[in-house]
Amino acid sequence: MKKFVNDPAQFVPEFMKGVALANPDLLDFEPEFQLIKRKDAPNNSRVSVVQGSGSGHEPAHVMAVGPGMLDGACQGAVFAAPPVDACYETIKRLASDAGVLVLVNNYQGDRMAWDTAVELAEAEGIKVKQFHINDDVAVKDSLYTVGRRGVAGNFFVIKAVGAAAAKGASLDELLALAEKVNNNVRTMGVALTSCIPPAKGTTIFELGDDEMEVGVGIHGEPGRRRDKIKPADAITDELFDAVAQDIPFNSGDRIALMINGLGGTPLSELYVLYARAHARAEQAGYKVVRNYVGEYCTSLEMAGASLTILKLDSELEALLAAPAEVAVRIF
Amino acid sequence: MKKFVNDPAQFVPEFMKGVALANPDLLDFEPEFQLIKRKDAPNNSRVSVVQGSGSGHEPAHVMAVGPGMLDGACQGAVFAAPPVDACYETIKRLASDAGVLVLVNNYQGDRMAWDTAVELAEAEGIKVKQFHINDDVAVKDSLYTVGRRGVAGNFFVIKAVGAAAAKGASLDELLALAEKVNNNVRTMGVALTSCIPPAKGTTIFELGDDEMEVGVGIHGEPGRRRDKIKPADAITDELFDAVAQDIPFNSGDRIALMINGLGGTPLSELYVLYARAHARAEQAGYKVVRNYVGEYCTSLEMAGASLTILKLDSELEALLAAPAEVAVRIF
Amino acid sequence: MSDISQAQIERAIQTTAATVLKNEHYFSDLDGLAGDGDFGTSLATGFRVIQNDWETIDKADIGTMLLKLSMMVSKHVGGSSGPIWGTGFMRAAMVSKGKTSVTLDELAAMLGAAIEGIQARGGAQLGDKTLLDALIPVHETLTRDAAGGAADLGATLKDAADAADTAIDATRGLEARRGRASQVGERSANTPDPGIVAIAVILQDWCTEYGVARTPKAPELTRETA
Amino acid sequence: MSDISQAQIERAIQTTAATVLKNEHYFSDLDGLAGDGDFGTSLATGFRVIQNDWETIDKADIGTMLLKLSMMVSKHVGGSSGPIWGTGFMRAAMVSKGKTSVTLDELAAMLGAAIEGIQARGGAQLGDKTLLDALIPVHETLTRDAAGGAADLGATLKDAADAADTAIDATRGLEARRGRASQVGERSANTPDPGIVAIAVILQDWCTEYGVARTPKAPELTRETA
Ligand SMILES: Nc1ncnc2c1ncn2[C@@H]1O[C@H](COP(=O)(O)OP(=O)(O)O)[C@@H](O)[C@H]1O
Ligand SMILES: Nc1ncnc2c1ncn2[C@@H]1O[C@H](COP(=O)(O)OP(=O)(O)O)[C@@H](O)[C@H]1O
Ligand SMILES: [Mg+2]
Ligand SMILES: [Mg+2]
Ligand SMILES: [Mg+2]
Ligand SMILES: [Mg+2]
């Protein structure tokens, strides 16, 4: 296993400890519940925005905690939603008079854990609401299933809601805002390799040397199909078309464009994809107002990338431009 | 080849185009010389700080161009120093009355190219000086060779010099500052896998499934030795000891601590290394004043990391804290 | 047929823990086919705690013990398995409060309560390709046997194991409609559901533990016992 | 011995281009042993341009032509190879300005000038395990043959190829003291220097091109010609 790991069972708490040590003034870390929160939260004058999900998607989700972003987040084991207790304690520790908004990526495990935790918290009189993020267009939505998956679009929901919460928006306003962002953001990804969860010690799926998984999930779940690896531009075109046609986006739209690395793909390749995606957006008559190239929602060391488009309006543009700070920094 | 690439020969210009498209207000891109520069440079009231090196180390070097960092950088093919002409044109386009400082990572190819370019530029009356960065402690220095390699410590030289240049420091002052940072920064890295240069299409070296290369170069050059992969803490300890003993650093030192990913290693693993490195620094009595965890100087998709320690003083602390902006962003 | 003692239930739980730990990687690999490869690890995390803390668990009565198990799962098990198994234990606990032995009827009622709780929690129905497709048929055999169908507990165990075993092949071809696997559309068809397999493997091991002879059918079981 | 015509030199350059392109990956693989695996690609990039633009290159005389080649290398070739080969062509051009044919003496002088230029640029000496360890012995054979040592150009070519071939094994055990390979300490010992191999392969192919029979010695050459 080509990984920096000590005891695989301790992988998650160990990297969370690193995050805390690297941000002593900003964050508190509670190992018992694998919970990271802002030192200055909760603040009764504003809603607490929290999340909790499986690990392996870093910087999502615990590394997205900070001013203008999340107030706190708890993590489960790699790819496993957090235990019910961790979700409950997260709500409890971040309970604010203004309320708590839980941003849940749409997976059954996360939903069941948060549903249970929210019931327990409400029973204690805590004001809390949930929102389910589901931006992945890879698998067609269906009434009879759990619905679409939540992937990299998650970043935009957090950024917008976090910025609005900082400005003092109410719980209901934030819920409406989360829905607005989610309704206007779409993503699809592709994997060139499978990742290896430390505790599993083996790949989740097998890909041939010349194969890719189109529409892969961020936990290595299958996507639309297995195919031969194509030139970067052809791959970008397929992601772009799938995403652009879903809402659909229209000529004249002002958009934010994201190329998200899945963990093992270097920045240089992501910019090759961005160059094509940007050109396609301009051809389609979209105005790229903001762009994001890097790692936002990963799948451990999986080689691959996802493309996300968010339709903007003046409110969203202002919220995306608002100052924010998270555990991961450049300078 | 598990890569997003079109024509391998176009890999570098294509990703540079992506960088330019993603930063339309900040950067200009000249494909002919694979040169990226600040739109607002040169500025005759301050020294231009430039760099040029092989590609494959992104965000170094062209993605480090921006206010408070580099004024411009040219790139060669993957792992190949830029052609002489590109270096010469870079100096020429960024020539300022205050002078041009070229920060050269210490490799023979880069040195010969810049030596030639500097001779040509000086012949035209351009005021230009060079500095060689050599922070890699993996291979013992020797008078009879080209000397130590320049690796991730490069970031600190750029950051400090870029901040001082923005404040209007003179060419000689910047040269002295570069030397001061270089004298106080040390790095060593380890590789868990080899990368695959797109044009080569195969790995540079072969590592067994359970092997690592200790002290690897950022171009896949051999390091100190081949060894079996050890637990993350043991690896961190070896890197930490090699670096700490080199200058040596002393109890009471105020330091900046960096865990740099080599490209294929996810953030989560980097924070596992950081947790240990931070603990070791505190045990040694160093005060970690600033920390950096992420990708600063990579080797394509190589799985691996390097550890860098920089000894600080009040001047360097202020320069590292100064505002800066580069092509790669989070928000 | 004689009542089922708390001791027998405790032995079944310890057997289950052993089964889950022994199959950790196998269950995760099965989950990798249409899911995310963590099922085995998530379950093992919980049952490892149960095994390690076994002596200290309050076993005043069956209900108390199951409630403690439910709390341990809620504290330590993540993924869908946490809420599902935690709810299951919790609901079974509520209907066995104060009891130190149960009739087969009461055992069936415990499983029935667990099934209802899991359905309320996750919204899955029979045929959605979740472990409920094993638990519901098993529940039917228990009710039938309680109504005089089976000679002894061994025969009941065998009927239950048969039902779970059958569920593996009966659901293999289906597309999942609940759980992560339901989010991959037709890509979930023709892969066994790891939860169903886990129930069948556990019941097969119960048979072995209680000396009940039974030849498994589904390839996942023959591979496993092989 | 008769003079060497510009046509013969042009043919040698075209042969060199073919050799470099044919061996691009092999040269890069050799560079991977103690270096960074780009030697073949860097050289090939330059000689591909030379091959493609061949017709348009100003060939007024040998010096003019070599100067143009030097400029093409400076524009397109990166890595250490750019300055080294660019300087080499440039210096050879300066001493062949205006000539449309050269004596063997003058050819030796051109190579001598190139060697001096490369040494000035990169500071390498004989024994530092760089391509100079091939070029310097080759230069000696040219001077010797020019002083009446060789019967004809074929014999001279063979002597030169022998010298470069010998250099491969003679330097294999050394630690590099210049170039990237010098930064890996003893890890560079017992690997052939790609630059030396390239010179030997090029001269071997010149022999073949000019119909000079010669059996290569070093494994890198036999592999290559195999
Ligand atoms: N809504 C549900 N109701 C009942 N069982 C479910 C449900 N969703 C999933 N399961 C069961 O849980 C198993 C997967 O568990 P696990 O891997 O822990 O979940 P996750 O998909 O969150 O990783 C599935 O094989 C299935 O049998
Ligand atoms: N200082 C030098 N003088 C002469 N030749 C050199 C020198 N440094 C390197 N070389 C030659 O160049 C070859 C490597 O070329 P290349 O791979 O392009 O360089 P780089 O190390 O920059 O990648 C070496 O095999 C060696 O023969
Ligand atoms: Mg999971
Ligand atoms: Mg090179
Ligand atoms: Mg799972
Ligand atoms: Mg090289």
Side-chain angles (χ1 to χ4, degrees), chain B residues 8-9 32-34 54-56 75-88 106-117 134 136 138-142 144-149 194-197 199-206 215 217-225 299, chain D residues 24-25 27-29 31-46 48-49 70-87 90 117-118 120-125 127-130 175-189 191:
Chain B
E32 185 179 5
F33 301 109
Q34 297 191 169
S55 300
Q75 298 220 136
V78 169
F79 297 165
V84 169
D85 287 12
C87 297
Y88 165 71
N106 189 45
Y107 299 96
Q108 182 116 41
D110 301 79
R111 282 173 59 164
M112 291 191 290
W114 284 108
D115 285 345
T116 315
N134 65 343
D136 187 356
V139 179
K140 289 274 147 283
D141 205 353
S142 156
Y144 308 103
T145 71
V146 182
R148 286 194 317 235
R149 302 178 291 219
S194 167
C195 56
I196 297 180
K200 188 170 188 295
T202 55
T203 55
I204 294 176
F205 57 95
E206 285 309 326
I218 56 172
H219 309 87
E221 309 99 311
R224 289 186 171 182
R225 67 172 198 287
S299 190
Chain D
E24 172 172 354
H25 288 287
F27 289 167
S28 285
D29 289 343
D31 189 31
L33 299 176
D36 59 347
D38 64 346
F39 175 60
T41 311
S42 290
L43 268 194
T45 305
R48 195 169 286 115
V49 176
S70 162
M71 289 165 67
M72 291 168 112
V73 169
S74 298
K75 172 92 188 261
H76 298 286
V77 182
S80 298
S81 295
I84 290 162
W85 294 64
T87 302
M90 161 91 71
I118 293 170
R121 178 87 285 154
Q125 302 303 326
D128 286 352
K129 201 173 187 179
T130 73
E175 282 185 25
R177 301 209 297 184
R178 277 291 175 275
R180 182 185 308 279
S182 73
Q183 298 179 301
V184 306
E186 69 273 6
R187 295 288 290 273
S188 70
T191 67

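The sequence lines fix the lettering, A, B, ..., with proteins before strands; numbering per chain opens at 1.
Both the backbone and the side chain of B:A199 come within contact range of chain D, with heavy atoms under 4.5 Å apart. Interface residue B:N106: backbone and side-chain heavy atoms are both found under 4.5 Å from chain D. Only the side chain of D:T41 comes within less than 4.5 Å of a heavy atom of chain B; its backbone N, CA, C and O stay farther away. At a 4.5 Å heavy-atom cutoff, the contact between D:S42 and chain B is made by side-chain atoms alone. Interface residue B:F33: only side-chain heavy atoms are found under 4.5 Å from chain D. When heavy atoms are compared at a cutoff of 4.5 Å, B:R111 does not approach chain D at all. If you measure heavy-atom distances from D:H76 to chain B, the contacts under 4.5 Å come from the backbone alone. For B:T203, no part lies near chain D; criterion is any non-hydrogen pair under 4.5 Å.
Between D:D29 atom CG and B:T202 atom OG1 the span is 5.0 Å, to the nearest 0.5 Å. To the nearest 0.5 angstrom, B:K140 atom NZ is 14.0 Å from D:Q183 atom CD. The structure places CZ of B:R224 at 12.0 Å from CZ of D:R187, a figure rounded to the nearest 0.5 Å. Residue D:S80 holds its OG atom at 8.0 Å from CG of B:D110, rounded to the nearest 0.5 Å.
Residues B:V146 and D:S182 come closest through the heavy atom pair CG2-OG, 3.3 Å. Here the closest heavy-atom approach between residue B:A80 and residue D:G78 is recorded as CB-C, 4.1 Å.
Exactly one of D:V184, D:T191, D:L33 qualifies for a side-chain contact (heavy atoms from CB on, under 4.5 Å) with B:P222. That residue is D:V184.
Interface remark: of the candidates D:D31, D:V73, D:V77, D:V77 forms the most heavy-atom pairs closer than 4.5 Å to chain B. For the options B:A77, B:G217, B:G147, heavy-atom pairs under 4.5 Å to chain D are most numerous at B:G147. With chain B as partner, the option from D:G35, D:G32, D:G37, D:G79 having the largest number of non-hydrogen pairs under 4.5 angstrom is D:G79. Between chain D and the residues B:G223, B:S299, B:A86, the most heavy-atom pairs under 4.5 angstrom are made by B:G223. Residue with the most contacts toward chain B among D:S74, D:A124, D:A181, D:G123: D:S74 (heavy-atom pairs, distance under 4.5 Å).
The main-chain N or O of D:G122 is found under 3.5 Å from a side-chain atom of B:Q108 such that the two form a donor-acceptor pair.
Checked against salt bridge (Lys or Arg N to Asp or Glu O under 4.0 Å), D:D128 has the following partners two or more places apart in sequence or in another chain: D:R177.
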Practice problem: Output, in order, the C-alpha distance, side-chain angles, deciding distance and verdict of salt bridge (charged side-chain N to carboxylate O under 4.0 Å, His left out) for B:E32 and D:K75. | Solution: CA-CA 10 Å; B:E32 185 179 5; D:K75 172 92 188 261; 2.7 Å; yes
Self-check item: Verdict with supporting geometry, B:T145 and D:R178, side chain to side chain donor-acceptor pair (under 3.5 Å)
Solution: CA-CA 5 Å; B:T145 71; D:R178 277 291 175 275; over 6 Å; no
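The neighbour count for D:M90 CE, taken as heavy atoms of other residues, nucleotides or ligands under 6.0 Å away, does not exceed 12.
B:D85 places none of its side-chain heavy atoms less than 4.5 Å from the side chain of D:M71. B:E221 is listed as a side-chain neighbour of D:R180, based on a closest heavy-atom distance under 4.5 Å. Taking the side chain as every heavy atom from C-beta outward, D:D38 and B:V78 never approach each other to under 4.5 Å.
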